[in-house]
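To start, the structure itself, in structure tokens.
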2 protein chains.
Amino acid sequence: MADSAGSQAGSRKAPLSRELVLSTALALVDAEGLDALTMRRLGQELDRDPMSLYRYAANRAALLDGVSELVLDELAIFPDDPDWQSQLRKIAHDLRLLALRHPNVVPLLVTRPLSTPLGLRPLGTLRPLEQILALLIEAGFTPAVALHVYRAYYGFLYGHILNELQEYIVDPDENEAILRLGLHRLPAKSFPHLRALGPVLADYDGAAELDQGLAILLSGLAGQLSAGQRESPS
Amino acid sequence: MADSAGSQAGSRKAPLSRELVLSTALALVDAEGLDALTMRRLGQELDRDPMSLYRYAANRAALLDGVSELVLDELAIFPDDPDWQSQLRKIAHDLRLLALRHPNVVPLLVTRPLSTPLGLRPLGTLRPLEQILALLIEAGFTPAVALHVYRAYYGFLYGHILNELQEYIVDPDENEAILRLGLHRLPAKSFPHLRALGPVLADYDGAAELDQGLAILLSGLAGQLSAGQRESPS
DNA sequence: ACAAATTCTCTACACTGTAGACTTTATGCG
DNA sequence: CGCATAAAGTCTACAGTGTAGAGAATTTGT
């Protein structure tokens, strides 16, 4: 039948591999959102039968895990900077940018681990944790304390990302319109402060906001480092 | 046909209302998870045709929004305590407990707002924001600064909750087994620190962890309050 | 008691993930 | 080379999903 006329004028019939599957899945999610990632649709994107995908991901959930692992792999952590604080700052900004690059994947990043016990998560997902632990221990924290620090730090970081993505609106032209329109809907009586903050809400600087939060957190953590060396005594 | 033999020996045929629909939806999610909440299943739970639900929620997404709104309504904020710090601490713990009470809803809480511009969210969802803003402004923060503080605070809070739920495992007996089993799977070479932390990971005290993080955050914020009164200068 | 509005139900359709059997293609070995 | 074996890809089918649209049942107003 003719030439099968593949989707993207690509190489006739690419050999198909886990990486290829996952990366087209990611592209699809980036372009059209999570709901667009169905087996049939992905199969069509790869010009293959949907069923062939099951050779590279046990089921849809596993495929989603694969996608978030793939995204997290974009986060490179170099332990070159000796100052742990500036290092944490750098990772934070890297992760922020990564989230902005793949906003549709963020729900996965945040949600998938909730249904998978820590030890059984895809390895790529655990790498940042391990590396940050290494970094903190290197910086002089007790392993146990390092874990606490990691939790505070990563917790804050994920929280910030969620916050920022919530207020992020794609088209900056529509931004003010939608925002004001939305706020206008709020009953003035019960939401006076929120409504008054309309203009401030409109120009949100995520990077600055993140830096500000980090400053607070890191100063607090530095305090812990000097004072709380004798932790986990029992 | 007998007596239609309803599901739960309940009152013959309850009149059905938005609240009833949402609360049974919540109960279902609490008991069996998000995936169990399908229109058909919920209809069956209420002993009604699935289609009747559309009178109380425009579609499934709206129903999910309704559920998260319902959950957030459980969070009562009383502005009685004059000390804003202890007030924030109380809210934090309340929200934490709420999350532990409805772990299956947390993904909704975190995820739904990402697909809804701020101004168009269910009102119940915005109430905490408004109330905390009021609290902070009352405490002496500039409205603009109050917004920043709110973001740092709530960001951290959501982050903590996600962290805690990730490490939370239902059956404490299986806990250690699963955990160790999971960790054992990790290649010792690339994950030395994580593996070494097994025991520490096993006994996680969420409340303490939260308090610790809050202490760090609040001390930093208090600094901002005294020093940074001249914010948003332009 | 009748009309109007509300609420609930039925049927149907397009779409989902995926089990199981089958066909095609690649690979190893004499 | 030829054939056995394995791997990769495909086809069909099924149970389940959300929800549009028309209809039936019920409640309400007068």
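Because the structure is predicted, anything quoted here is derived from the model rather than measured. Every chain is numbered from 1 and lettered A, B, ... according to where its sequence line falls, protein lines coming before strand lines.
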### Task
Taking atom CG of B:Asp35 as the centre, report whether more than 12 heavy atoms of other residues, nucleotides or ligands fall under 6.0 Å from it.
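It does not: B:Asp35 CG has 12 such atoms or fewer within range.
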Margin query: Does A:Glu74 have more than 12 heavy atoms from other residues, nucleotides or ligands lying within 6.0 Å of its CD?
Written below: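 Check passes, neighbour count above 12.
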To the nearest angstrom, how far is [X] atom [atom1] from [N] atom [atom2]?
| X | N | atom1 | atom2 | value |
| --- | --- | --- | --- | --- |
| B:Asn59 | D:dA20 | CG | C1' | 13 Å |
| B:Arg40 | C:dT11 | CZ | P | 13 Å |
| B:Leu46 | C:dT9 | CG | C1' | 15 Å |
| A:Met39 | D:dT12 | CE | P | 19 Å |
| B:Arg48 | D:dT26 | CZ | P | 12 Å |
| B:Arg41 | D:dA15 | CZ | C1' | 16 Å |
| A:Leu42 | C:dG17 | CG | C1' | 13 Å |
| B:Gln44 | C:dC8 | CD | P | 18 Å |

Does any N or O in the side chain of B:His102 come within less than 3.5 Å of the main-chain N or O of B:Leu98, such that one atom is a donor and the other an acceptor?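 Absent.
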Output yes when a side-chain donor or acceptor of B:Glu69 lies under 3.5 Å from a complementary backbone atom of B:Gly124, and no otherwise.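 Between the backbone of B:Gly124 and the side chain of B:Glu69 there is a qualifying donor-acceptor contact (under 3.5 Å).
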Taking atom CG of B:Asp65 and atom CZ of B:Arg121, what is their separation to the nearest 0.5 Å?
->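 It comes to 9.5 Å.
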If I compare all heavy atoms of A:Tyr54 with all of A:Met39, which pair ends up nearest, and what's the gap?
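Result for this residue pair: CZ-CE, 3.4 Å.
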Q. When you measure from every atom of DNA chain D, which of residues 49-58 of chain B have a heavy atom less than 4.0 Å away?
A.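 Those residues whose heavy atoms fall under 4.0 Å from DNA chain D, taken from residues 49-58 of chain B in numerical order, are B:Met51, B:Tyr54.
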message = Which nucleotide wins on minimum distance to the side chain of A:Leu16, given the candidates D:dG9, D:dT19, C:dC8?
response =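 Minimum distance to the A:Leu16 side chain belongs to D:dG9.
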